[in-house]
Amino acid sequence: MDQAAPRGTRDILPPESGIWQQLEERFDDICQRYGYGEIRLPSFEHTEVFARGVGDSSDIVRKEMYTFDDRAGRSLTLRPEGTAGVARAFVQHGLSSEAYPVKLYYRMNLFRYEAVQKGRQREFNQFGAECFGSADPAVDAEVIGLVDRFLAELGLTAVRLELNSIGCPDCRSNYHETLRDWLRPRIASFCPDCQQRFEMNPLRILDCKVPEDQARLHDAPLLFDGLDPDCRAHFERVTELLDAQGIRYQINPRIVRGLDYYSRTVFEFISENVGTQGTICGGGRYDGLVAALGGGEVPGCGFAMGVERLLMELEAQSCLPSLPARSRLYLASLDRAAQTAAAGLADRLRQEGITTCSDLVGRSLRAQMKYAARSGFSHVIVLGSDELASGSGRLRRLSDGAEEEVRLDADAIRSRLDPRTAD
RNA sequence: GUGAGAUUAGCUCAGUUGGUUAGAGCGCCAGAUUGUGGCUCUGGAGGUCGUGGGUUCGAUUCCCAUAUCUCACCCCA
């Protein structure tokens, strides 16, 4: 058997998993402060949900999904992104009858069959939030504000916010014609990918990474410049609200999100440190998504943040959340009787909230001390016949070797070890 | 899907111009006057040299394939 995890997947072991727990806690916390409730969804959906939600012309649907038939012949797909599933649940549970706006957040693992590289795996994690039921630009600004606040609370600084509007479907179909007309006489000189995109989705040509193509595009008409008055007003209100919150952003008329459901506002938080996959967070408005999944005309807006990329950025900026320092007590034992007593005392201490371990190997005292030091215990009590007879022992602080006499009693020990502060 | 580099112990890596029992450091286990860790010394366990073929008297070493890892293209979080 192959002992390695499948390509593009990764195990997360302690102590790294502790960092994940911290991040998850902080994300839960900020979402709740903004009034979002957590939604948990199945890891797979009917393939339809993504085909119709994310869109048939997107790369995700065309070539990156883990799709399979179940034993009854239903086509199912491991979720490649979060928003479509949230919208499906919104429709299924009739959340359109709740008081608007409906605010939901999630943390989930996602699956895409992609070429693995830095900042991109086949199973990865996102934190995200979706706000349904209001077309007001105040939602867009608050959603962006939540992400900005979250990154700031984590201590990140050099993350750039780029903002654009891709308009409503009418703006886009008008613009498609404008852009096609402009491209038609020039498309032959573009790269082969762009020539394909010309038919499928000419909008994507604007995002082409080939430098020569970018140069050719410098005077291409921009969707941004052709927004209809409502879309233009929406965008301007978003920027007004961001300005009022003191959130800095750059307008980038060339951002195009790869998921078809976006409309009007789109944004990305981009890092300089994650390699070429620098987008830590992407999001925007998706006013047609709920309807595409069979619900009513319910507007929505949200974001998704790549947790692995966020962690890379936190590491690069030396902002990894530190684990809370706690006292951890190791009970060393000299013989079988002491080992028995240690197990009992450990149980009582754990009930008092003290992290306590005792010898489970039957090792020498020297080896136990070595283990305790290496494993990050803050304190040790050695139990032997003297301690069992007297009912008291010496609490040794490993950082400096200081010892003090304590009764071998959970209350007495706890009073010397505040679980919230290690020293 | 395409291109480049890599794969030897739990980890980081040497090494063999093809030749008996493949090495180091760290880590692990044990010991260094009978009950106290982080330093030091000694000993020990641990490897189908990624996998499968080929060439050869003989392959961890050369050739081919394949898997995996890393980076990049594409695309996205």
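First the proteins, then the strands, lettered A, B, ... as listed; each starts at 1. Both backbone and side-chain heavy atoms feed into the values below; hydrogens, waters and symmetry mates do not.
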Quiz item: A:Gln117 side-chain donor-acceptor pair to B:C74 base, under 3.5 Å: yes

Sequence-aligned protein contact record of nucleotides 31-40 of chain B, with B where the base is within under 4.0 Å of a protein heavy atom and S where only the sugar-phosphate is: SB--BBBB-B

Option among A:Phe27, A:Tyr34, A:Phe150 that satisfies the ring pair (Phe, Tyr, Trp, His ring centres under 6.0 Å) test with A:Tyr105: A:Phe27

Under-3.5 Å donor-acceptor pair between A:Arg10 side chain and B:C69 base: no

Distance, C1' atom - from B:U66 to B:G27, rounded to whole angstrom: 33 Å

Pairs touching residues 298-348 of chain A that satisfy ring pair (Phe, Tyr, Trp, His ring centres under 6.0 Å), sequence neighbours left out: A:Tyr330-A:Tyr371, A:Tyr330-A:Phe377

Strand RNA chain B as a dot-bracket string - pairs counted if Watson-Crick or G-U with both distances under 3.5 Å, | where the partner lies in another strand: (((((((..((((.....[...)))).(((((.......))))).....(((((..]....))))))))))))....

Nearest-angstrom distance, P atom, B:A59 to B:C49: 12 Å

Contact under 4.0 Å: A:Arg120 side-chain N or O vs B:A77 OP1/OP2: no

C1' spacing across the pair B:G46 / B:U21, given as an integer number of angstrom: 16 Å

Separation of the C1' atoms in B:U8 and B:G3, to the nearest angstrom: 27 Å

Closest-nucleotide 5' rank along RNA chain B - winner of A:Phe124 and A:Pro6: A:Pro6

N/O donor-acceptor pair, side chain A:Arg112 with base B:A77, under 3.5 angstrom: yes

Sugar-phosphate only, base, or nothing, as touched by A:Gly119 at under 4.0 Å among non-hydrogen atoms: base

Atom C1', compared across B:C63 and B:G47: separation rounded to whole Å: 25 Å

